[in-house]
A.B. asks: 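This is the structure, below, for whatever I ask next.
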Number of protein chains: 2
Amino acid sequence: MSSTGAKVPSADIFAPGGHASGQGINLGPCAACAARQLAFCNVLDGDDLGRLLQILTESTATSGHAIFYEGDEAEHVYNVTEGVVRVSKMLPDGRRQITGFLFPGDFLGLSHGDAYAYTAEAIGPARLCRFKRDKLLNLFDELPTLEKRLLGMAADELAAAQDQILLLGRKTARERVVSFFQLLAKQARKRGEMGGTIHLPMSRADIADYLGLTIETVSRTITKLAKDGVIELPSSNKVVLADLDALEAIEMGEE
Amino acid sequence: MSSTGAKVPSADIFAPGGHASGQGINLGPCAACAARQLAFCNVLDGDDLGRLLQILTESTATSGHAIFYEGDEAEHVYNVTEGVVRVSKMLPDGRRQITGFLFPGDFLGLSHGDAYAYTAEAIGPARLCRFKRDKLLNLFDELPTLEKRLLGMAADELAAAQDQILLLGRKTARERVVSFFQLLAKQARKRGEMGGTIHLPMSRADIADYLGLTIETVSRTITKLAKDGVIELPSSNKVVLADLDALEAIEMGEE
DNA sequence: CGTATACTTGAATTGAGTCAATAAGTGTGG
DNA sequence: CCACACTTATTGACTCAATTCAAGTATACG
């Protein structure tokens, strides 16, 4: 928590130092943005953030609705500020693979080329910042820190993708499910949610399509983990990580 | 072998070019670099390329030898100029997943954080350009086009990783093998190698660990494809893509 | 409440893995 | 050039983890 005495709205978050005072810049949505610390824009403040704000459009998406589809012209890039977004690819016969779940602060649509390579859909209500791609790219010349930040985020995403490749290529169903829970727990921690209980905002079908399994296998595996006492299931979308050592061991196949 | 008349030692590695006398810049290894058009440095020329050269060290790697290991301090980044590099991750019990094969022009080691998240090994003799990470990152301030180029390459890599995630999560063994052949063919085309015959520089074990299969399944699947007449096998590491329509259909599961 | 939707559980099936035995290269030194 | 050892690839028989098919049982919703 950094606080600089600027007169900012109540919320979670507030504008960084920069030009507060009398005739400052209206940091509008950013001032109240819950994802501010996590998002790519956290390297900006004051005038620089103002510049970014000028090309930003806020948007919302409702449960299950697409933000864009695979193959659509890639005109915009997005930043998730609230909710969870599911990114997926489909084979012609309908088999689906979810390549990631995006949480507040995550970036979306930074693909090369002129069409999106995947579909993005909101899981439950979500809010996003939208930017015209070319405008954001142009802004990089003015705000080099922003570009560096995005390169760093791309590198992180690449590392996450490689972890997922290892999971899909070589882990068992049990290891996949545990790795998934650990990932959700880690992301929850990053967002400041402490405690050993994780929330599953997505359906079993989504989990299955993310882990390269079927709904049935996911369900059976979760049930088994609970029977083995390494997790507890207060409800179907809440998981208590009960035995952290055991989970750690399972994740990497030491069992 | 790159030779530009500069007096460089024979060995493994040699000092960066620097400004060699006369008038004009010694573009040393770059002038003779076979991967120049494909690599990230292709956006530079003249003085700018000279700047990059100052922080570059050429190195070679021999068959099977590691360029770096997962967990090593991530001091350098690399650019493959000749040969093929295999990037892999391992689970504690020895299961291996190859996350990618890198060809001339491909970039390597751009991970965030201070340790490499994967192992990189040469398949057969290879040559690489090596840069100290911090020096290259600093150079971005002087050469913004270079940074943009790298961001674009990272975006491409991310798209490729997502294709691989779809493959591993949802495709059958037959579809995986065909997708792999198509990928190799596409990359060969990018490097200017035309014709329907592709070369497999990697072993069946490497292919298996890339496709999330076993050696036996890879072998059986390739044999079956040949029996079905969609490919031909002049030798165990050469594949003729005989029936392109059929291959296209198999790749996406339309069969 | 009734009805759709999501999740769990069970039984049978199967695609890919495992174990095991050749076969085909590759290289080395006599 | 051949014999030997060694590595790599193929092929076969059997097994098994995960899928498929098929009920059931919660859970949410108009």
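Lettering of chains follows the sequences in order, A, B, ..., and the numbering in each one begins at 1.
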A.B. asks: Quick one: side chain to side chain donor-acceptor pair (under 3.5 Å) pairs with a partner in residues 81-108 of chain A, sequence neighbours left out?
C.D. replies: R86(A)-E121(A), R86(A)-D206(A), K89(A)-D163(B), D93(A)-R95(A), R95(A)-E175(B), R96(A)-D206(A), R96(A)-D209(A)

A.B. asks: Are there over 12 heavy-atom neighbours, none belonging to H199(A), within less than 6.0 Å of that residue's NE2?
C.D. replies: yes

A.B. asks: Taking only residues two or more places apart in sequence, or in another chain, which ones meet A34(B) in a side chain to side chain contact (heavy atoms under 4.5 Å, CB included)?
C.D. replies: none

A.B. asks: Strictly by side chain to side chain donor-acceptor pair (under 3.5 Å), give each pair with a member in residues 222-235 of chain A just once, sequence neighbours left out.
C.D. replies: R174(A)-D228(A), K224(A)-D228(A), S235(A)-N237(A)

A.B. asks: Taking side chain to side chain contact (heavy atoms under 4.5 Å, CB included) as the test, write out the residues that go with S179(B), two or more places apart.
C.D. replies: L167(B), K171(B), E251(B)

A.B. asks: Can you give me the first and the last nucleotide of DNA chain D (5' to 3') that has an atom within less than 4.0 angstrom of a non-hydrogen atom in chain B?
C.D. replies: dA9(D) to dA13(D)

A.B. asks: Does any part of the side chain of E248(B), heavy atoms only, come nearer than 4.5 Å to the side chain of Q182(B), both counted from C-beta?
C.D. replies: yes

A.B. asks: Of I222(B), D243(B), V240(B), which meets side chain to side chain contact (heavy atoms under 4.5 Å, CB included) against I231(B)?
C.D. replies: I222(B)

A.B. asks: Using a 4.0 Å cut-off on heavy atoms, which residues in residues 92-103 of chain A reach DNA chain C? List them by number, or say none.
C.D. replies: none

A.B. asks: Any base atoms under 4.0 Å from T223(A), or only sugar-phosphate, or nothing? Heavy atoms, all strands.
C.D. replies: sugar-phosphate

A.B. asks: Which residues in residues 202-214 of chain A have at least one heavy atom lying under 4.0 Å from any atom of DNA chain D?
C.D. replies: G212(A), L213(A), T214(A)

A.B. asks: On DNA chain C, compare the nucleotides closest to A173(B) and L233(A); which residue's is nearer the 5' end?
C.D. replies: L233(A)

A.B. asks: Which residues pass the side chain to side chain contact (heavy atoms under 4.5 Å, CB included) test with A74(A), not counting sequence neighbours?
C.D. replies: S111(A), Y116(A), R133(A)

A.B. asks: Sort and list the pairs that fulfil ring pair (Phe, Tyr, Trp, His ring centres under 6.0 Å) and have at least one residue in residues 217-253 of chain A, not counting sequence neighbours.
C.D. replies: none

A.B. asks: Among all residues two or more places apart in sequence or in another chain, which pass the side chain to side chain contact (heavy atoms under 4.5 Å, CB included) test with E193(A)?
C.D. replies: A188(A), R191(A)

A.B. asks: If we check ring pair (Phe, Tyr, Trp, His ring centres under 6.0 Å) with Y78(B), which of these qualifies: F131(B), F68(B), F107(B)?
C.D. replies: F68(B)

A.B. asks: Please examine the side chains of L166(A) and Q162(A), heavy atoms only from C-beta on, and report whether any two atoms are closer than 4.5 Å.
C.D. replies: no

A.B. asks: Considering all heavy atoms of both residues, which atom of N79(A) and which atom of A39(A) are nearest to each other, and what is their separation?
C.D. replies: ND2-CB, 3.3 Å

A.B. asks: Please report the C-alpha distance between R204(A) and S236(A) in whole Å, then the side-chain angles of each, then the deciding distance to 0.1 Å, and finally whether the side chain to side chain contact (heavy atoms under 4.5 Å, CB included) criterion is met.
C.D. replies: CA-CA 9 Å; R204(A) 294 290 189 268; S236(A) 80; 3.9 Å; yes

A.B. asks: Name the nucleic acid region contacted by S235(B), choosing base, sugar-phosphate or nothing; use a 4.0 angstrom heavy-atom cut-off, strictly under.
C.D. replies: nothing

A.B. asks: Quantified as the angle between the terminal helix axes (five pairs each), what is the overall bend of the helix from dC1(C)-dG30(D) to dG30(C)-dC1(D) to 10 degrees?
C.D. replies: 40°

A.B. asks: Distances under 3.5 Å between protein N/O atoms and the N/O atoms of nucleotides 19-27 of chain C, please, pair by pair.
C.D. replies:
{"residue": "dC19(C)", "atom": "N4", "partner": "E216(B)", "partner atom": "OE2", "Å": "2.9"}

A.B. asks: Test side chain to side chain contact (heavy atoms under 4.5 Å, CB included) on F181(B) and L247(B) and set out the steps.
C.D. replies: CA-CA 9 Å; F181(B) 289 162; L247(B) 287 167; 5.5 Å; no

